[in-house]
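When a ligand or atom number is given, it counts from 1 through the structure's own listing order. Quick caveat, the model's predicted, so the values are computed rather than measured. Residue numbers count from 1 along this sequence.
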Amino acid sequence: MNDFNRRRLLAGLLAAGGGALATPHVFAQDAAQRRNLLETMTFAVPSFQLGVASGDPSADGFVIWTRLAPEPLQPGGGMVMAPVEVRWEVAEDAAFRTIAASGTAVAHPELAHSVHVELAGLRPDRPYWYRFRCGGERSLAGRAQTLPQAGARKDRLRFAAAGCQHYEEGHYTAWRRIAEEPVDFVYHYGDYIYEGRDTGSATRLMNGRPFTPMRQHVGQEIYSLDDYRRRYALYKGDPDLQAAHAAAPWFVSFDDHEVDNNWAAGLDQDGSPPEVFAFRRAAAMQAWYEHMPVRRSSMPVGGSVQMFRRATFGDLMDMHVLDTRQYRSPLGNGGRNGPMNDDFLSPQRTMLGDRQEEWLFTGLAQGTARWQLIAQQVMLMQLAVQPAGGGEMTYSADQWSGYLHGRERLLNHIADRGLTNVMTVSGDAHRHFAGDVLRNGGEGPPVTAEFLATSITSGSDGVGLDDPYHRSVAGNECLKAIIDRRGYVLCDVGRDTFRGELKVLDQVMRPDGELSTFATLVAEHGRPGLQRG
Ligand code: FE
Ligand code: CA
């Protein structure tokens, strides 16, 4: 049992009055203690407009989420500024004939009338259905699923890795397709929202091609808590996104655009004083918590979130979800991509911070599951990019290549301990990249492999294989597949193979783009690296 699980269990025991965990419990203030509770709540318009979600499943429970917002884009979501009771129920069947747990939670105005119910005491490795009720209205039902007990035999797991869903740049068709996949869970690598302003309806150039926003952000660049709330409300109004949330539990993380492009710990990209940026980061983190199906342990404290965490899927897979933003050193080379330099190589610089790095290394070394999955945000492959005009190879300042010493520490740890069952998933780069992860300079055999999932919409339709960027990365032998299309990676994990299907849509600027599999790559257990599947 890791620290978080132990803390969770202790908290659970306390909440259950020290007794057994047989009855599911709720981390929410008991309605009986409230003096300002709004007793009679009626809505002029439907209140559950932002859908429902479940997340952070364990062997005995998960979080269920919703937010009351009758007017999602209005201040306060159009709610009366008072705490409101919300009824919830969790059933063993889709028709809600057998109720496994039910109760009441308080939707607090301090938390944008979001509701997080953290269930425990449920049975392992089985689906559950959940829904909410308030003011005479009922939400749609969502489907959650508990994990198998740690160590229990598990032969197959399927999940989707996805993220980067710029609202203006395409339809969320990929989310609709994910909702239709038979997945056990979804891993979201971040860029759930983008912080930029409404860019107008005019046609402009994107990656050298004409682009006309499909729909628009509301308002200017976001800074305040209300700004972030409204941005989440805008995104979460999308029916395809809601369908994916309702279909399966998610493990969410965050990357840069949930706060500001390429932020790093206490610094934004604009050079704001850290004590000023801290206000923005705190607002962003609060809004992230309010809108994500995450546990109470990820509630922000002083503007910081405990996001890195672990999940165990029986004896088949351990997943280590990393946080590559909150603890990283400032970007090297002034945040600009460039030739490998002293900044990128400095042993003083860290991507994970000491505490998380130690937590990850211990978890990997002690993990007993068949596969160890590192689920994180930015590219782990060290990709050398040939500049268009020629000259020295350049590297990304924002990805692991900009934190080369931290990358080496991680890869050395995996290789030196003889761990031959580590896989990684990531995102952020708005293309599919699948390949082997080699140590610095590319010497030696692969240490692990990476499925970097393309964006849901960011980058719009994309150019497919007609991509000048391909020439600039052609020299990287570690790279086994690359394509500029929107989609997701469907991972199918078995005892002997870890398979990734690179799913692509032919277009996202019109609805119902056609889904296909661009490539399938497979890692064999005990043999790091990807083969064509
Ligand atoms: Fe992105
Ligand atoms: Ca990003």
The Fe ion (ligand 1) reached by S458 (N, O or S, under 2.8 Å):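 Checking the Fe ion (ligand 1) against S458, no N, O or S atom falls under 2.8 Å.
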
Could you tell me whether R431 sits above the aromatic face of F518, with NZ or CZ closer than 6.0 angstrom to the six-membered ring centre and within 45 degrees of the axis?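 So R431 doesn't make the cation-pi contact.
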
So, is the end of the R349 side chain (NZ or CZ) under 6.0 Å from the ring centre of F344 and within 45° of the ring's axis?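 Geometry flag: not set, cation outside 6.0 Å or 45°.
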
Can you tell me the N, O or S atom of H430 that's nearest the Fe ion (ligand 1)?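 Answer by atom name: NE2.
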
What angle sits at the Fe ion (ligand 1) between SG of C164 and OD2 of D191, to 10°?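 Once rounded, the angle between the two atoms at the Fe ion (ligand 1) is 100°.
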
Would you compute the distance between atom OG of S201 and atom CD of Q216 and round it to the nearest 0.5 angstrom?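 With rounding to 0.5 Å, OG (S201) is 5.0 Å from CD (Q216).
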
Which single N/O/S atom of D255 lies at minimum distance from the Ca ion (ligand 2)?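 Minimum-distance N/O/S atom of D255 relative to the Ca ion (ligand 2) is OD2.
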
Shortest-distance N, O or S atom of D428 relative to the Ca ion (ligand 2):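 Closest N, O or S atom of D428 to the Ca ion (ligand 2): OD1.
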
Flag the pair T454 / I483 as yes when at least one side-chain heavy-atom distance between them is below 4.5 Å, and no otherwise.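 They are not in contact (no side-chain heavy atoms under 4.5 Å apart), so the answer is no.
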
Working to 10°, measure the angle at the Ca ion (ligand 2) formed by atom OD1 of D256 and atom OD2 of D191.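 Answer comes to 100°, rounded to 10°.
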
Verdict with reasoning, R486 to D461, per salt bridge (Lys or Arg N to Asp or Glu O under 4.0 Å): CA-CA 7 Å; R486 308 292 70 82; D461 282 339; over 6 Å; no

